[in-house]
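Take a look at the structure below.
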Amino acid sequence: MGELGICEVGGDGVVGNFLGLGIGLSQIGEMIPSDLQAMNFPGLASFEEDDHGMIRLAITSPKANAQIYLHGAHIVHFQPIGVAPVLFLSEESGFVSGQAIRGGIPICFPWFGGREGYPESPAHGFARTMDWEVESLSVDGDQAILVILKLESNEATRAEWPHEFVVRCHVFVGMWLVMLLEVENTGESEMTFEEALHTYFAVEDVREVLVRGLENAGYRDKTDGLASKMQGADPLRFTGETDRIFENTAAKCEIEDGVTGRRITVNKSGSLTTVVWNPWIEKAQKMKDFGDEEWRRMVCVETANAGVNAVTIGPGQKHSIRVVISPGPSPSP
Ligand code: TA6
């Protein structure tokens with residue numbers, strides 16, 4: 001992958017200093033910090049401020065369009081040229097500091113779902129509600145874009161979780177979307193965590209969707225008190241609220257949209273858990289940041305390590321989870 005251009009920020013750079021003052025990027029408000037602007041590749045990848053005062057990277061390359069928020073290192077849009085959007089984003093989503101964006105790819109870390117023994121802790125951890133730093137932005141010879149975002153342990157994370165870490169999120173935007181989450185233990189003791197790339201896929205009608213790749217796999221059913229069950233020999237179909245945590249599976253999944261015929265491939269590595277979720281009617285009505293009818297138009301197929309697949313790494317060690325998302329056949333991860 002030839003490098004056309006790399007811009008790096010970190011350490012004593014302005015953005016680093018800014019953040020060191022505890023000012024979240026989403027509070028910067030009116031302007032994009034100068035050295036974020038300096039990273040822009042005009043016409044290809046530029047930092048911009050949205051209507052809510054939040055900063056995002058807008059990618060408009062010959063390969064694909066995408067949008068990535070610094071808030072939660074959250075990809076909210078991915079659309080290869082000539083193809084319908086791949087990710088679902090709720091029209092009711094909030095874009096508020098401290099709150100997760102509803103849709104796209106939230107990053108769950110360092111726990112998945114509720115935190116055992118800590119009812120007060122935020123669901124799915126704190127990574128999706130914090131501001132991440134931009135470490136680098138580059139364009140390769142094929143005009144695909146690579147951005148690396150970083151979240152480092154700080155006072156706020158220590159208040160929730162007593163560990164030292166650096167998490168890097170690498171996002172590659174080309175004909176397909178590659179996302180890699182690398183967790184590094186920068187502390188002096190072992191740390192155990194859960195993680196998920198909680199992807200919301202856009203579909204025409206979830207009742208016409210098939211998910212392949214989980215046939216005959218075991219799962220815990222969150223709609224039934226986490227009871228242990230087995231998926232049948234047929235592809236997974238949706239006929240009601242679905243919330244299944246498939247453990248010990250490294251399988252590639254395929255989402256087939258029965259209305260459009262589109263097939264999205266979800267290929268992964270470093271992950272042994274896949275979660276499949278649709279809130280259906282009642283839960284959709286209860287969710288404030290989700291439209292009552294939106295349950296029809298999304299399905300989550302999440303690349304994770306949770307429950308028995310939680311990850312433990314020692315001091316100085318790293319662990320990576322990676323997903324390749326593509327409409328149609330995709331390269332191996
Ligand atoms: O991944 C599925 C799940 O854990 C569901 O149980 C559901 O709660 C969903 O995540 C959304 O969680 P959130 O905290 O974003 O409302």
Side-chain angles (χ1 to χ4, degrees), residues 69 71-76 87-116 118-130 160-161 179 181 193-203 206 209 211 213-214 217 219-229 231 236 238 240-247 249 253 255 266 268 271-292 294-310 321 323 325:
Y69 277 78
H71 177 73
H74 203 130
I75 308 171
V76 297
L87 304 178
F88 163 88
L89 177 65
S90 172
E91 287 165 16
E92 314 280 333
S93 177
F95 288 85
V96 182
S97 189
Q99 188 185 319
I101 295 169
R102 178 64 69 188
I105 312 184
I107 295 173
C108 308
F109 173 87
W111 54 84
F112 181 79
R115 187 180 176 200
E116 223 172 294
Y118 297 82
E120 306 303 309
S121 292
H124 293 319
F126 47 69
R128 63 178 180 162
T129 55
M130 288 190 166
E160 282 285 354
W161 195 59
M179 192 173 176
L181 195 73
F193 61 91
E194 297 176 308
E195 57 190 349
L197 309 177
H198 191 304
T199 312
Y200 290 71
F201 290 96
V203 295
V206 69
V209 163
V211 176
L214 300 165
Y219 66 92
R220 292 187 292 133
D221 187 347
K222 216 170 156 182
T223 69
D224 186 11
L226 289 172
S228 290
K229 300 182 181 174
Q231 185 64 35
L236 194 160
F238 299 84
E241 182 185 353
T242 303
D243 198 347
R244 300 180 182 180
I245 304 172
F246 291 86
E247 291 170 326
T249 173
C253 287
I255 302 164
V266 185
K268 65 175 190 170
S271 158
L272 286 176
T273 311
T274 294
V275 181
V276 178
W277 179 56
N278 183 282
W280 219 249
I281 300 166
E282 267 178 53
K283 187 148 188 190
Q285 286 167 351
K286 290 188 192 126
M287 289 156 61
K288 292 195 187 63
D289 58 350
F290 192 80
D292 288 358
E294 288 187 323
W295 60 274
R296 298 168 201 269
R297 295 197 291 111
M298 53 70 64
V299 61
C300 286
V301 176
E302 308 162 30
T303 303
N305 285 306
V308 296
N309 303 133
I321 185 172
V323 66
I325 294 169

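Whatever order the structure lists them in is the order used to number ligands and atoms, beginning at 1. In this chain, residues are counted from 1 in sequence order. In this text, all values refer to a predicted model and were calculated from it rather than measured experimentally.
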Worksheet, complete the sentence: To the nearest 0.5 Å, atom CD of Glu160 lies from atom CE of Met130 at 7.0 Å
Worksheet entry | Side-chain (Thr273) to main-chain (Ala306) donor-acceptor, under 3.5 angstrom | yes
Item to complete: With Thr199 as reference, evaluate Val275, Leu87, Val301, Val266 under the side-chain contact (heavy atoms from CB on, under 4.5 Å) test and give the passing residue.
Response: Leu87
Fill in: Salt-bridge contact Glu247-Arg220 (side-chain N to carboxylate O under 4.0 Å)
yes
List ligand 1's nitrogen or oxygen atoms that come under 3.5 Å of a protein nitrogen or oxygen, with the partner atom and distance.
from	atom 1	to	atom 2	distance (Å)
ligand 1	1 (O)	His198	NE2	2.9
ligand 1	1 (O)	Glu302	OE1	2.9
ligand 1	1 (O)	Glu302	OE2	2.8
ligand 1	4 (O)	His124	NE2	3.4
ligand 1	4 (O)	Lys222	NZ	3.0
ligand 1	6 (O)	Lys222	NZ	2.9
ligand 1	6 (O)	Asp243	OD2	2.5
ligand 1	10 (O)	His124	NE2	3.0
ligand 1	10 (O)	His198	NE2	3.1
ligand 1	12 (O)	His124	NE2	3.4
ligand 1	14 (O)	Arg128	NH2	2.9
ligand 1	15 (O)	Arg102	NH1	3.0
ligand 1	15 (O)	Arg128	NH1	2.9
ligand 1	16 (O)	Arg102	NH1	3.3
ligand 1	16 (O)	Arg102	NH2	3.0

Worksheet item: Would Arg296 and Phe238 count as a side-chain contact (heavy atoms from CB on, under 4.5 Å) if you check the C-alpha gap in whole Å, the side-chain angles of each, and the deciding distance to 0.1 Å?
Response: CA-CA 10 Å; Arg296 298 168 201 269; Phe238 299 84; over 6 Å; no
Worksheet item: Taking atom types as modelled, is there a side-chain donor on Glu241 or Thr223 under 3.5 Å from an acceptor on the other?
Response: no
